[in-house]
Amino acid sequence: MSVAPSSDPARTGFDPARLARIDEHFGRYVDDGRLAGWQVVVTRRGEVAHSSVYGLRDVEAGTPVEPDTIWRIYSMTKPITSVAAMMLWEEGRFELTDPISRWLPEFADVRVFDKGSALKPYTVPAVEPIRVWHLLTHTAGLTYGFAQTSVVDALYRAAGYDLAVPPGLDLAGASAGMAKLPLLFQPGTGWNYGVSTDVLGRLVEVVSGRSLTDFLTERVLTPLGMTDTRFWVDPADAKRLAALYTPHPGTGRAVRADQLGAAALTRPECFSGGSGLVSTAADYHRFTQLLLRGGELDGVRLLGPRTVRYMTRNHLPGGGDLASLQPQGFAETVLDGIGFGLGFAVVQDPVPAKVPSSVGEYYWGGLASTAFWVDPAEEITALLFTQLMPSSTYPLRSQLRQLVYAALVG
């Protein structure tokens with residue numbers, strides 16, 4: 001399946017010559033070796049205004065990026081898991097204020113890091129339980145081991161929680177292990193990017209009585225026609241999977257990362273609701289259109305429109321932005337003027353970040369430099385796929401916004 005332009009860009013208010021700058025600009029990243037290849041899709045009012053591919057999905061094999069290339073989307077899994085959880089919420093299966101220990105008893109007596117070192121940490125009891133909304137907003141105090149910015153991160157790594165969970169654990173086992181680690185702060189008092197959506201995925205499993213992969217497939221992906229979005233790539237589709245790259249520390253050129261990239265080719269033991277899916281531009285395009293249309297696409301409704309609007313408002317404590325809550329060392333998105341909703345970053349004010357966007361725009365990205373956004377005010381969606389990690393290597397996301405909004409003239 002591919003995403004072909006469905007109209008004359010001028011009909012959707014875009015200047016075709018200005019849209020062409022997207023390909024020219026990102027083409028230079030490939031031509032000088034910083035990226036292997038990429039794919040971009042821009043829509044307005046439900047019509048595809050721009051769709052392009054460039055470069056190679058596998059440099060060593062010499063195979064080009066094609067419209068149906070499969071990409072590791074890493075943290076772009078999070079919005080899909082969040083939608084799944086909110087589908088259960090719409091059924092009355094839980095309230096956002098419910099303590100998660102009601103379903104995940106391992107989180108009944110969590111502790112919070114107070115002081116000390118990784119060798120001798122001092123913790124205190126949590127004064128507030130982790131609630132469902134804390135998982136959706138990353139305000140639970142959970143973290144990532146690979147962040148390497150705090151003592152708690154070091155404790156995660158020591159317990160085997162780094163880029164992946166310890167071998168041999170399924171999602172239930174991984175969640176139980178995470179519950180034994182101290183929180184970075186008291187639940188609901190700060191914001192920190194971490195394994196919250198993985199725990200949310202476990203909550204989906206327990207509440208629904210289905211594995212996360214089965215629930216997503218049956219209730220989200222298949223109804224939407226997202227047939228290439230899954231937790232691993234079958235052998236028949238392996239050639240479509242883009243290779244994974246990291247920047248050479250000296251030259252900046254893309255260097256193949258086979259050890260990390262190979263994980264997508266086998267069924268995982270742990271279905272990570274925070275980072276485990278692969279997808280295609282056509283599939284994720286359908287997901288963004290579902291969001292833009294208020295939870296419905298082609299006669300399939302997953303969420304009510306008011307639920308989508310509620311999810312894409314700022315839910316951070318005190319109505320603050322990410323910068324005011326001071327997450328340590330976080331580089332996957334800008335922080336100033338950005339709030340966070342139930343599964344998405346939300347633009348509160350585009351001026352502080354110096355990146356063009358609309359108030360109310362919501363978005364997220366993945367570790368390998370993929371990204372998407374939905375702009376309800378302008379009725380725009382945009383997708384960027386490439387496979388370079390970490391995502392902070394180049395300002396690809398802000399540059400795409402710059403080029404897309406510069407091309408919007410009507």
Side-chain angles (χ1 to χ4, degrees), residues 1 36 39 57-58 60-61 63 65-84 144 146 160-175 195 197-202 204-205 208 210-246 256-287 364-370 372 383 385-389 391:
M1 190 187 301
Q39 185 169 11
R57 68 178 185 269
D58 188 321
E60 290 71 23
T63 52
V65 176
E66 295 177 316
D68 67 346
T69 291
I70 297 173
W71 309 91
R72 299 164 192 79
I73 61 172
Y74 287 113
S75 287
M76 280 167 59
T77 304
K78 289 179 170 69
I80 296 176
T81 302
S82 299
V83 164
Y144 271 129
F146 64 79
Y161 293 87
D162 200 337
L163 280 173
V165 303
L169 293 184
D170 60 8
L171 185 53
S175 176
V195 296
T197 317
D198 291 288
V199 178
L200 184 69
R202 176 58 185 157
V204 168
E205 288 191 330
S208 69
R210 306 287 289 160
S211 71
L212 184 60
T213 185
D214 286 346
F215 186 87
L216 291 182
T217 299
E218 295 166 10
R219 296 289 305 277
V220 179
L221 305 175
T222 298
L224 284 182
M226 296 173 65
T227 56
D228 280 323
T229 304
R230 47 196 187 268
F231 282 101
W232 72 96
V233 179
D234 294 323
D237 292 322
K239 289 184 179 179
R240 293 169 51 201
L241 179 67
L244 185 64
Y245 295 88
T246 58
R256 195 179 181 104
D258 272 336
Q259 186 172 358
L260 293 171
L265 294 168
T266 56
R267 180 186 174 98
E269 296 173 292
C270 177
F271 299 114
S272 169
S275 61
L277 291 175
V278 299
S279 190
T280 61
D283 275 15
Y284 218 90
H285 163 70
R286 291 189 63 77
F287 182 67
W364 205 239
L367 183 63
S369 303
T370 59
F372 82 95
L383 298 167
F385 295 95
T386 188
Q387 297 283 258
L388 184 79
M389 61 188 297
S391 62

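Numbers here are sequence positions counted from 1. Please read these numbers as outputs of a predicted model, since none were measured by experiment.
Remark: S279 pairs with T229 by the side chain to side chain donor-acceptor pair (under 3.5 Å) rule, at least two apart or across chains. With sequence neighbours excluded, no residue forms a ring pair (Phe, Tyr, Trp, His ring centres under 6.0 Å) with Y245. R219 is linked by a salt bridge (charged side-chain N to carboxylate O under 4.0 Å, His left out) to E91, counting only residues two or more places apart in sequence or in another chain. In this view, R210 and E218 satisfy the side chain to side chain donor-acceptor pair (under 3.5 Å) rule, not counting sequence neighbours. For the side chain to side chain donor-acceptor pair (under 3.5 Å) test, no residue two or more places apart in sequence or in another chain qualifies with Q259. In this view, Y74 satisfies the ring pair (Phe, Tyr, Trp, His ring centres under 6.0 Å) rule with no residue, not counting sequence neighbours. Legend: residues meeting side chain to side chain donor-acceptor pair (under 3.5 Å) with Y161, ordered by chain and number and at least two apart, are absent. T222 meets the side chain to side chain contact (heavy atoms under 4.5 Å, CB included) test with T217; sequence neighbours excluded. D234 meets the salt bridge (charged side-chain N to carboxylate O under 4.0 Å, His left out) test with no other residue; sequence neighbours excluded. In this structure A264 satisfies the side chain to side chain contact (heavy atoms under 4.5 Å, CB included) test together with R72, L241, V278, sequence neighbours excluded. A172 meets the side chain to side chain contact (heavy atoms under 4.5 Å, CB included) test with D170, R202; sequence neighbours excluded. Judged as a side chain to side chain contact (heavy atoms under 4.5 Å, CB included), and not counting sequence neighbours, A236 has no contacts.
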